[in-house]
There are 2 protein chains.
Amino acid sequence: MRKDAQQNRDKILATAAKLFHDQSVAAVSMKDIAAAAKIGIGTLYRNYPNKSELCLAVSFNFIHQFVTDGQVYLSETTVSPIEQFQHVLQRYLDFREQRLQLLAFIESGPTVMATYYQSELYQQLVVLFMQVLAPISGEIETGELEFRADMVIAMLKSNSYAYQRQQQGLSPQQIAENISNLMIRA
Amino acid sequence: MRKDAQQNRDKILATAAKLFHDQSVAAVSMKDIAAAAKIGIGTLYRNYPNKSELCLAVSFNFIHQFVTDGQVYLSETTVSPIEQFQHVLQRYLDFREQRLQLLAFIESGPTVMATYYQSELYQQLVVLFMQVLAPISGEIETGELEFRADMVIAMLKSNSYAYQRQQQGLSPQQIAENISNLMIRA
DNA sequence: TTGACAAGTGGAGCGTGCTCCACTTATAGT
DNA sequence: ACTATAAGTGGAGCACGCTCCACTTGTCAA
């Protein structure tokens with residue numbers, strides 16, 4: 001990759017992150033981003049094939065941070081497995097609440113979720129949840145454990161979460177508690 | 001409502017259902033639907049405020065059918081609670097597989113899921129799942145039962161389901177089994 | 001039957017995400 | 001230093017979803 005191209009790539013990501021932070025994600029158009037980064041629309045799209053993918057790229061930093069923090073926490077903590085699970089779950093809820101708009105946009109993109117699911121980062125997120133689920137799930141095989149980790153993540157996607165919060169009137173704590181009750185076996 | 005307006009409303013729904021059936025949902029534009037129904041774009045949008053809502057309206061017939069069938073099944077069956085749960089789950093999977101495109105489009109619409117969640121039909125779907133979950137969930141309160149019903153539905157949303165099918169390579173049967181294992185307590 | 005007007009219509013036009021391709025430029029071999 | 005060319009650029013233009021409002025029409029009281 002040419003050096004100037006790499007600079008453009010970086011500049012796009014930084015500009016998009018800034019604009020998404022300053023205004024709502026929906027209010028920022030691809031034209032806005034290109035203009036703010038002082039590049040052409042074509043260049044923008046060659047680097048990030050659509051707006052959802054760009055949001056995903058911006059999110060990756062945040063998700064990476066969350067996963068890393070989680071791993072550090074697990075390596076240091078000495079509390080009970082149940083508390084570990086609840087702690088990670090709580091952190092994940094906090095993280096999602098912070099980045100709600102961005103994550104909602106990604107989750108509503110028709111094709112972009114496939115990219116996310118295939119990424120190493122998603123695998124790391126799943127592994128994180130598997131680690132805290134394993135000791136509280138009773139005796140189950142790895143495939144089923146992974147399925148449950150996916151299920152926890154799926155349940156907290158923006159649509160479902162918004163429904164539980166707004167229509168059902170549940171607090172984040174109540175949601176965490178309901179998930180805990182469902183998942184805890186041992 | 002004026003009689004001619006009602007006719008237009010019906011014609012739109014019928015035309016959209018036909019076009020969505022003949023071609024892929026994404027390939028059918030709102031202009032196509034208006035043209036095929038021989039009405040103006042404005043009329044189309046006054047009746048259905050966006051494409052996702054129109055998809056939802058088309059889906060409502062199918063969802064209603066599924067819920068009704070499920071209720072009939074429950075009123076007639078004499079098999080064990082576990083088998084009842086698995087049967088309803090299996091039917092729901094089949095139903096979703098049939099209407100995948102339409103449901104995926106609804107689920108990716110940013111605002112339309114709120115409409116769906118608020119509808120009586122969604123409540124009926126939840127109640128259906130609550131009925132089969134209740135005997136296999138151990139002793140839990142109604143709120144938590146409802147939460148679990150929502151969770152089953154959330155897990156089977158198009159994105160998550162597609163991931164389990166395609167990336168994880170699970171068959172519908174395996175997915176159903178994993179959910180069963182998670183939900184069965186009694 | 002006839003007017004008055006609420007109710008309904010339709011399509012020009014807007015801003016969006018995104019594609020395409022004629023053009024420009026960094027780079028590596030001479 | 002000088003090309004040759006692969007690599008990268010940028011914006012005109014497309015199709016889309018959707019809004020807006022000048023216009024038409026069904027309805028109903030007189």
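Note on naming: letters A, B, ... go to the chains in the order of the sequence lines (proteins, then strands), and numbering restarts at 1 for each one.
- When rounded to the nearest whole Å, the span between CZ of A/Arg9 and P of D/dA7 equals 16 Å.
- Here C/dC14 presents its P atom at 12 Å from NZ of A/Lys31, a figure rounded to the nearest Å.
- The interatomic distance linking A/Met30 (CE) with C/dG17 (C1') rounds to 7 Å, in whole Å.
- Linking Ile, Leu, Val, Met, Phe, Trp and Tyr whenever their side-chain heavy atoms come within less than 4.5 Å leaves B/Val72 and B/Leu128 in two separate clusters.
- To the nearest angstrom, C1' of D/dT9 lies 11 Å from CD1 of A/Ile12.
- Residues that satisfy the ring pair (Phe, Tyr, Trp, His ring centres under 6.0 Å) test with A/Tyr116, not counting sequence neighbours, are A/Tyr122.
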Test side-chain contact (heavy atoms from CB on, under 4.5 Å) applied to B/Gln173 and B/Glu177, step by step: CA-CA 6 Å; B/Gln173 283 69 32; B/Glu177 206 180 319; 5.8 Å; no
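- Between the P atom of C/dA7 and the CG atom of B/Asn47 lies a distance of 15 Å, rounded to the nearest Å.
- Listed nucleotides: C/dG8, D/dC16, D/dT19. Nearest to the side chain of B/Ser29: D/dC16.
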Worked check of side-chain contact (heavy atoms from CB on, under 4.5 Å) between A/Ile140 and A/Arg148: CA-CA 10 Å; A/Ile140 57 173; A/Arg148 290 191 190 184; 4.0 Å; yes
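- Between B/Glu107 and A/Lys157, none of the side-chain N atoms (NZ, or NE/NH1/NH2) sits under 4.0 Å from a carboxylate O, so this pair counts as no salt bridge.
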Polar atoms only, N or O, under 3.5 Å: list the protein pairs with nucleotides 10-12 of chain C and their distances.
unit_1: C/dG10; atom_1: OP2; unit_2: B/Gly40; atom_2: N; d: 3.0
unit_1: C/dG10; atom_1: OP2; unit_2: B/Thr43; atom_2: OG1; d: 3.1
unit_1: C/dG10; atom_1: N7; unit_2: B/Thr43; atom_2: N; d: 3.4
unit_1: C/dG11; atom_1: N7; unit_2: B/Gly42; atom_2: N; d: 3.3
unit_1: C/dG11; atom_1: O6; unit_2: B/Gly42; atom_2: N; d: 3.1

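- Computed from coordinates, the B/Asp10 CG to C/dG8 P distance equals 13 Å when rounded to whole Å.
- The closest side-chain heavy-atom distance from A/Val28 to A/Asp22 is not below 4.5 Å.
- The interatomic distance linking A/Tyr45 (OH) with C/dC20 (P) rounds to 13 Å, in whole Å.
- We find that CG of B/Asp32 is positioned 14 Å from P of D/dC18, with the value rounded to whole Å.
- Between the side chains of A/Gln6 and A/Asp10, a donor-acceptor pair is found at a separation under 3.5 Å.
- In the displayed structure, A/Lys11 atom NZ is contacted under 6.0 Å by more than 12 heavy atoms of other residues, nucleotides or ligands.
- The ring pair (Phe, Tyr, Trp, His ring centres under 6.0 Å) analysis of residues 123-160 of chain A, with sequence neighbours excluded, yields the pairs A/Tyr92-A/Phe129.
- Using a 4.0 Å cutoff on non-hydrogen atoms, the parts of residues 49-56 of chain A near DNA chain C are A/Asn50, A/Lys51, ordered by number.
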Summary of protein contacts for nucleotides 22-30 of chain D, nucleotide by nucleotide, where a base hit scores B, a sugar-phosphate-only hit scores S (4.0 Å, heavy atoms): ---BSS---
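- Taken together through direct or relayed side-chain contacts under 4.5 Å among Ile, Leu, Val, Met, Phe, Trp and Tyr, A/Val127 and A/Tyr117 form parts of separate hydrophobic clusters.
- Here ring pair (Phe, Tyr, Trp, His ring centres under 6.0 Å) pairs that include residues 23-60 of chain A, with residues two or more places apart or in two chains, number zero.
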